[in-house]
Number of protein chains: 2
Amino acid sequence: MKERTRTRPLPRQILSDSVYEAVKELVMDQHIEPGARVNIDQLARDLRVSPTPVREALARLEMDALVIKEPLRGYSIAPILDAAAFEQLYEVRGLIEPFAARRACERANRQLVTALHREIDAMQKTIDGLRPEKPRRYRDYREFAWEDARFHEAIAVASGNELLGETLSRLRSHLHLYRLYYATGIGPETVAEHEAIVTAIAAHQPEAAAAAMAEHIKRSQGRQRHAFER
Amino acid sequence: MKERTRTRPLPRQILSDSVYEAVKELVMDQHIEPGARVNIDQLARDLRVSPTPVREALARLEMDALVIKEPLRGYSIAPILDAAAFEQLYEVRGLIEPFAARRACERANRQLVTALHREIDAMQKTIDGLRPEKPRRYRDYREFAWEDARFHEAIAVASGNELLGETLSRLRSHLHLYRLYYATGIGPETVAEHEAIVTAIAAHQPEAAAAAMAEHIKRSQGRQRHAFER
DNA sequence: GGCCTCAATATACTATAGGATATTGGCATT
DNA sequence: AATGCCAATATCCTATAGTATATTGAGGCC
């Protein structure tokens, strides 16, 4: 009975969870402006729920640094990444992600490589969907960012160190970068760099994998940094 | 007016915050057993508050991975670090903390060095307070662990990368290690290793600082690992 | 005119109550 | 005796209401 069907506890939805996701969406897509105050009662009315689950969701979002709580004054939407925070984020990513890539490479098997290739293909598809005549839409960037997040998460998971994955995940890199809403990240460069990483992993060369990841992070930083130029 | 008194928003206490801290204490000191279920109503009665702020506190504690939520079933206390999680924690610390030490060293000034020395002195005091005739109490280790946390946090802050500090802080290393509650005679060695780190920082030798921190983490891991032997 | 005071309103915070789901124990059936 | 069904209880989850604090605006004072 070694290979029985994996039965997981089915994911029940509690209002608090739904509200959490809903507000996260609102914040990410800037339906609520950064820095704006969040009126709990108003938000509850909008979502057609009572303030109680809203408060619970906000308490969790505060841990994600997506909202900021000032006691007895209420919550406000966290400001967008400024230049300093941007550099800090990439410094941390540049430290952790290459390490994760190295570990993942050391433990890599055929399944991982195919899985990563699938992720790359999916990302390529989001690019192919774009045509020069159609202006890039917000939705496109969203898709792309989502695929990018999946790729990096897959490598973090493959590192075998769950805490490492957790740590990276808690940075909420893609969420914060997505809020910058700077679409130059979209492009073949990203795909090519991802492929370089997977190539190194497939070749079982941990150092090369780490180097490829470091290079990718660095270049990604360079691309996104333009968001702060004027 | 450059040097006016730093006026910060004064820290208001909200019930929710108090409950958060109270439950954290309970978990850390094992007044609630790991794995045990947490009855919200009961806990609210014990703390003489209503369930509402308790729920809010638990929601935040879940983000800290100190409690685990199962929808419609309730919360339970997170299990103690097992051997695998322990190794993972130290792997992550071993990656991040030396980097923080290097950065801190690069930006170090006289103030930082004196501040770190003060932390070391404070830690030394917690050791001196111990006398062989008195059995080591639980309280003593608590003090010691807290001082250790302060030292590491000071270096993380000094790195200049706030996100790095946040990332380390969110690991809740000392909290989880404290829960293992296994530490005998680790005082003097820890102090010595901390001093080695500060020495390197004072000498403005970033690589040496990173190496000293790496060594410290490695040795600390070796000391604490005994908790899993039997 | 600027600043302080104070009342009115808005909003956050907590408590309480009611509905929904899970858990437990007993009873019946095989 | 073991298993399945069902009712009773416990517990979580959500909504509502009341209290406390902050914010806003107008009026008075210097």
Side-chain angles (χ1 to χ4, degrees), chain A residues 1 7-24 26-27 31-78, chain B residues 1 4 7-27 31-78:
Chain A
M1 190 71 90
T7 139
R8 298 172 306 159
L10 39 105
R12 315 222 171 183
Q13 265 306 50
I14 283 221
L15 264 192
S16 169
D17 297 346
S18 311
V19 173
Y20 174 82
E21 293 299 333
V23 175
K24 195 157 86 175
L26 288 178
V27 174
H31 289 127
I32 310 182
E33 191 178 9
R37 297 281 290 273
V38 177
N39 186 322
I40 295 179
D41 291 343
Q42 184 62 47
L43 184 56
R45 277 193 296 274
D46 292 348
L47 298 173
R48 311 292 167 87
V49 296
S50 77
T52 312
V54 173
R55 294 188 60 82
E56 221 171 298
L58 287 174
R60 286 155 63 187
L61 286 164
E62 192 204 3
M63 299 274 99
D64 286 343
L66 279 184
V67 301
I68 296 170
K69 170 180 174 167
E70 292 169 281
L72 298 181
R73 282 184 33 117
Y75 291 90
S76 57
I77 303 297
Chain B
M1 191 69 93
R4 102 166 107 179
T7 141
R8 298 174 305 162
L10 39 106
R12 314 230 174 179
Q13 264 308 49
I14 288 251
L15 264 192
S16 169
D17 297 346
S18 310
V19 173
Y20 174 81
E21 294 298 334
V23 175
K24 195 157 84 175
E25 295 276 320
L26 289 177
V27 174
H31 288 127
I32 310 182
E33 191 178 10
R37 297 281 292 274
V38 177
N39 186 323
I40 295 180
D41 292 344
Q42 183 63 47
L43 184 56
R45 277 194 297 275
D46 291 348
L47 298 173
R48 312 291 168 86
V49 297
S50 77
T52 312
V54 172
R55 295 188 61 81
E56 220 170 298
L58 287 173
R60 285 156 63 187
L61 286 164
E62 191 204 2
M63 298 272 98
D64 285 342
L66 279 184
V67 300
I68 297 169
K69 170 179 172 165
E70 292 169 281
L72 297 182
R73 283 187 29 120
Y75 290 91
S76 56
I77 303 297

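To find a chain, count down the sequence lines: A is the first, B the second, and so on, and within it residues start at 1.
Note on B:V19: nothing from the nucleic acid sits closer than 4.0 angstrom, heavy atoms only. Contact annotation for B:V38: backbone-only contact, meaning every heavy-atom pair under 4.0 Å involves sugar-phosphate atoms and none involves a base.
Remark: the backbone N or O of A:R73 is paired with a side-chain donor or acceptor of A:R37 at under 3.5 angstrom.
To the nearest angstrom, P of D:dT11 lies 18 Å from NZ of B:K69. We find that CG of A:L43 is positioned 13 Å from P of D:dA15, with the value rounded to whole Å. To the nearest angstrom, C1' of D:dT19 lies 14 Å from CG of A:D41. Between the P atom of D:dT11 and the CZ atom of B:R55 lies a distance of 14 Å, rounded to the nearest Å. Between the CD1 atom of B:I40 and the C1' atom of C:dT21 there is a distance of 13 Å, rounded to whole Å. At whole-Å resolution of the value, CG in A:L72 and C1' in C:dC13 are 7 Å apart. Between the CD1 atom of B:I14 and the P atom of D:dA20 there is a distance of 14 Å, given to the nearest Å. The CG atom of B:L58 sits 9 Å away from the P atom of D:dC12 (whole-angstrom rounding).
Nearest heavy-atom pair, A:E33 versus A:I77, reported as atom, atom and distance to 0.1 Å: O-CB, 3.6 Å.
One finds no side-chain N or O of B:R73 lying less than 4.0 angstrom from the OP1 or OP2 phosphate oxygen of C:dT21. Contact annotation: B:N39 side-chain N/O to D:dC12 OP1/OP2 distance is under 4.0 Å. Regarding contacts with the backbone of C:dT14, every side-chain N or O of B:S50 stays at 4.0 angstrom or more from both OP1 and OP2.
Between the side chains of B:S16 and A:R55, no donor-acceptor pair of N or O atoms lies under 3.5 Å.
In this structure, CG in B:L58 is found 11.5 Å from CG in B:D64, a value given to the nearest 0.5 Å.
Where A:R37 and A:P51 meet DNA chain D, the nucleotide closest to each residue was compared, and A:P51 sits on the side nearer the 5' end. For the pair B:E56 and A:R45, both in contact range of DNA chain C, the more 5′-proximal nearest nucleotide belongs to A:R45.
Using a 4.5 Å heavy-atom cutoff, the side chains of B:L43 and B:L26 are in contact.
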